[in-house]
Amino acid sequence: MSPSPLFAAPKGTRDILPGESRRFEKLVATFSDFAHRYGFGLIVSPLFEDVGVFHRGIGEQSDVARKEMYVFEDRSGRRLALRPEGTASVVRAFVQHHPVTPWKVWYLTPAFRYEQPQAGRYRQHHQLGVEALGTDDPTLDVEVITLAWRFYEAVGLRQISLMINSMGHRACREPYLELLRQHLETHEGELCDEHRALWRTNALRVLDCKQESCVGVTAPGPMLIDHVCEECRAHFQIVRDGLDSLGVTYSVNPRLVRGFDYYTRTTFEFVSGAMNSAQNAVGGGGRYDRLAEELGGDPTSGIGFGSGLERLMLALEAESIVALDDSSIDVFIVDTAGGQSSLVLVEALRAVGLSAERSYDQRSMKSQMKLADRSGARLALLIGPRERESDTVTIRDLRGTDEAQRQHSVALLDATATVLQLLTK
RNA sequence: GUGGGCGUAGCUCAGUUGGUUAGAGCGCCAGGUUGUGGUCCUGGAGGCCGCGGGUUCGACCCCCGUCGCUCACCCCA
């Protein structure tokens, strides 16, 4: 940093290095495990798509589509964009391949948005998510939300709260929007500066505004949840009943409006109560009943959930959860005899599935012991001239307390078996 | 796009109204009598004080510019 390097990671991006990346790995592994348990298969799709996939997918008026996408032309003049979120690509793949429904997939993906970076907001961030297409069964909504809930629980988060809402479907949203606009029009003067100018083009956004002035206007006004049609109301009720019977606690937030235009009916968001930044939404999602059509497919209902890895890691930090950070190894080989013995031994240990490490560059025993300690290894295997001479190794328990039992000598040929035995008891 | 803060050792930061060899803690390396870590002690390596210009006898410090980082608004994960 000080002798300013020639290159640094671009603004709003960062390197996740060993140490921190351990957390990242464990989160991904945990999510993958849950996704499989809930019947989702992995989808890996291109990071860039025809720009239309995102324009039509997430809505041309959304902020993300309008001013935050990384759009570029390839050498043949195709208009492409880096994926700003996960859902649109999945739906494009669904439309392209006509899979048997219900189609349930999960993903891990970077997402790119050209924004001013700040705490918990990056130009490249990473998302874990699931999407399920081909049915509008509300109990599937329950499963998706529950998967997310259990996942957060499993990684140790306690201060997470779930908010849900229903956006209705297109036919019941239109009359509501009319009502809302009328209400906003009569109170136009009381809105915050920004929404006084903007309420006509995106009335729903006003509901999400945190300014006191706007809240004052919208609080007594009409709420979408009270104006959805009978079918949407019934759908939402089944979602609520399902969550109740699975023991997932939530609150209904009629003001919950999510950022993409494609949502219909169920929407939800998970917020960390431990984070003090404004970027405390760790994950969210909802149902989208028109996205497949929008991308040229048959009308197909879908529901998905996405969680930001960086937000997740910030939330873990905010709750001081370190359970995922352990990167210690099983065995460290301390070798002062030189030659190939430690190379051969470390390979033998790795071959039976242990994580084994050694030091390089012929360091003193003291300094190698130091490395062994810091590696977190449970055992150190010592090979010095004496062991070399007698074809033995000295096994030292680095974590034990019984001084008499901490160290003993075994034949080199028995070392791996003895280590395995010691580690499993 | 708008506004605030900050750039000094690998990291976190001190640096006295501008004064001569730029500091601490942590980390790293090596020692503390000849083969044993986590504690302790000693020593060492490591800085164009982000970059460029200006003011001054003299600038890490003041002024201008520039680049970068960061936080917030907006929006989002």
Side-chain angles (χ1 to χ4, degrees), chain A residues 1-14 17 19 58 61-68 83-87 109-129 148 192-195 197-198 202 205 208-211 257-260 269-272 275-285 305-315 332 334-337 359 361 363-389 394-401 403 406-407 409:
Chain A
M1 193 157 130
S2 43
S4 38
L6 195 51
F7 296 111
K11 187 183 180 79
T13 71
R14 66 196 199 98
L17 305 176
I58 65 187
Q61 311 84 314
S62 71
D63 274 39
V64 169
R66 266 176 32 235
K67 47 188 194 194
E68 295 176 2
R83 157 187 302 177
E85 56 93 54
T87 305
T109 181
F112 305 87
R113 294 182 202 166
Y114 190 85
E115 307 182 82
Q116 288 307 318
Q118 62 184 279
R121 208 176 69 183
Y122 301 94
R123 288 185 175 177
Q124 173 174 346
H125 73 278
H126 299 83
Q127 289 193 20
L128 288 166
C192 74
D193 292 348
E194 190 192 338
H195 288 116
L198 254 151
N202 201 342
R205 276 258 76 84
D208 201 32
C209 181
K210 285 138 204 145
Q211 300 285 326
V257 174
R258 295 186 45 79
F260 303 130
E269 197 165 290
F270 290 89
V271 174
S272 166
M275 294 165 75
N276 35 22
S277 87
Q279 283 73 24
N280 62 356
V282 171
F305 158 73
S307 191
L309 262 307
E310 285 79 3
R311 295 269 173 97
L312 208 41
M313 291 198 282
L314 288 171
F332 195 100
V334 170
D335 169 31
T336 58
S359 83
D361 303 320
R363 306 231 253 161
S364 71
M365 169 158 289
K366 177 172 177 162
S367 96
Q368 291 192 47
M369 283 301 293
K370 220 170 190 171
L371 294 177
D373 182 54
R374 263 179 319 202
S375 74
R378 165 96 184 283
L379 300 175
L381 300 193
L382 282 64
I383 306 174
R386 288 209 292 264
E387 287 83 358
R388 167 60 90 56
E389 193 65 29
T394 297
I395 301 183
R396 180 172 174 80
D397 183 345
L398 293 172
R399 309 297 154 201
T401 46
E403 205 49 50
R406 288 187 71 180
Q407 192 161 314
S409 174

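Sequence lines set the chain letters: A, B, ... in the order given, protein chains first and strands last, and positions in each chain run from 1.
- Here A:D373 pairs with A:R399 in a salt bridge; the nearest charged N to carboxylate O distance falls below 4.0 Å.
- Here A:K11 contributes atom NZ and A:E115 contributes atom CD; the two are 12.5 Å apart, rounded to the nearest 0.5 Å.
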What pairs of nitrogen or oxygen atoms, one from the protein and one from nucleotides 71-73 of chain B, lie under 3.5 Å apart?
unit_1: B:C71; atom_1: OP2; unit_2: A:A119; atom_2: N; d: 3.2
unit_1: B:A72; atom_1: OP2; unit_2: A:Q118; atom_2: OE1; d: 3.1
unit_1: B:A72; atom_1: OP2; unit_2: A:A119; atom_2: N; d: 3.3

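- Distance A:I383 CD1 to B:U36 P: 17 Å, rounded to the nearest Å.
- Interatomic distance, A:F332 CZ to A:L379 CG, rounded to the nearest 0.5 Å: 13.0 Å.
- Map A:T13 and A:Y122 each onto its nearest nucleotide of RNA chain B; the residue landing nearer the 5' end is A:T13.
- Using a 4.0 Å heavy-atom criterion, one finds that A:V282 contacts the sugar-phosphate atoms exclusively.
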Watson-Crick or G-U pairs under 3.5 Å in RNA chain B, rendered as dot-bracket with [ ] for crossing pairs and | for another strand
(((((((..((((.....[...)))).(((((.......))))).....(((((..]....))))))))))))....
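- Listed by chain and number, the residues in a ring pair (Phe, Tyr, Trp, His ring centres under 6.0 Å) with A:F305 are A:F270 (sequence neighbours excluded).
- Taking for each of A:R363 and A:H125 the nucleotide of RNA chain B with the nearest heavy atom, the 5'-most of the two is the partner of A:R363.
- Proximity of a side-chain donor or acceptor of A:E269 to a complementary backbone N or O of A:G284 within less than 3.5 Å is not detected.
- Spacing between atom CZ of A:R123 and atom P of B:U70 amounts to 10 Å, rounded to whole angstrom units.
- No contact: A:K67 has no heavy atom under 4.0 Å from any strand.
- Counting to the nearest Å, the C1' atom of B:C69 and the NZ atom of A:K11 are 7 Å from each other.
- Atom CD in A:E68 sits roughly 12 Å away from atom P in B:G1 (whole-Å rounding).
- One can place CG of A:L381 at 18 Å from P of B:U36, the figure rounded to the nearest angstrom.
- When the C1' atom is compared between B:G46 and B:C26, the two are found 14 Å apart, to the nearest whole Å.
- At the heavy-atom level, A:A281 lies under 4.0 Å from the strands shown only through sugar-phosphate atoms.
- Residue contacts shown for A:E115 include a base, since a base heavy atom lies under 4.0 Å away.
- Between the side chains of A:Q118 and A:Q279, at least one donor N or O sits under 3.5 Å from an acceptor N or O.
- For residues 364-371 of chain A, proximity to RNA chain B is found at A:M365, A:K366, A:S367, A:M369, A:K370, defined as any non-hydrogen atom under 4.0 angstrom from a strand atom.
- No engagement by A:Q124 is indicated, since no non-hydrogen atom pair under 4.0 Å with the nucleic acid exists.
- Contacts of A:G306 with the nucleic acid, taken as non-hydrogen atoms under 4.0 Å apart, are absent.
- Taking both residues in full, the closest heavy atoms of A:A380 and A:A372 are given as CB-CB, 4.5 Å, listed atom of the first, atom of the second, then distance.
- In this structure, A:T109 contributes its side chain and A:E85 its backbone to no donor-acceptor pair below 3.5 Å.
- The side-chain heavy atoms of A:T336 and A:P385, taken from C-beta on, include a pair separated by under 4.5 Å.
- Between B:C74 and B:U2, the two C1' atoms lie 9 Å apart (nearest whole Å).
- A:E310 has its CD atom 13 Å from the P atom of B:A77, to the nearest Å.
- Using a 4.0 Å heavy-atom criterion, one finds that A:L382 contacts the bases of the nucleic acid, with or without backbone contacts as well.
- Using a 3.5 Å distance cut-off with no hydrogens or angles, the side chains of A:Q124 and A:T13 do not pair a donor with an acceptor.
- Shown here are the side chain to side chain contact (heavy atoms under 4.5 Å, CB included) partners of A:K366, two or more places apart in sequence or in another chain: A:S364.
- In this view, A:H126 and A:F24 satisfy the ring pair (Phe, Tyr, Trp, His ring centres under 6.0 Å) rule, not counting sequence neighbours.
- With 3.5 Å as the limit, one finds a donor-acceptor pair spanning the side chains of A:E387 and A:T394.
- Between the P atom of B:G10 and the CG atom of A:L17 lies a distance of 16 Å, rounded to the nearest Å.
- Between the CZ atom of A:R396 and the C1' atom of B:G38 there is a distance of 10 Å, given to the nearest Å.
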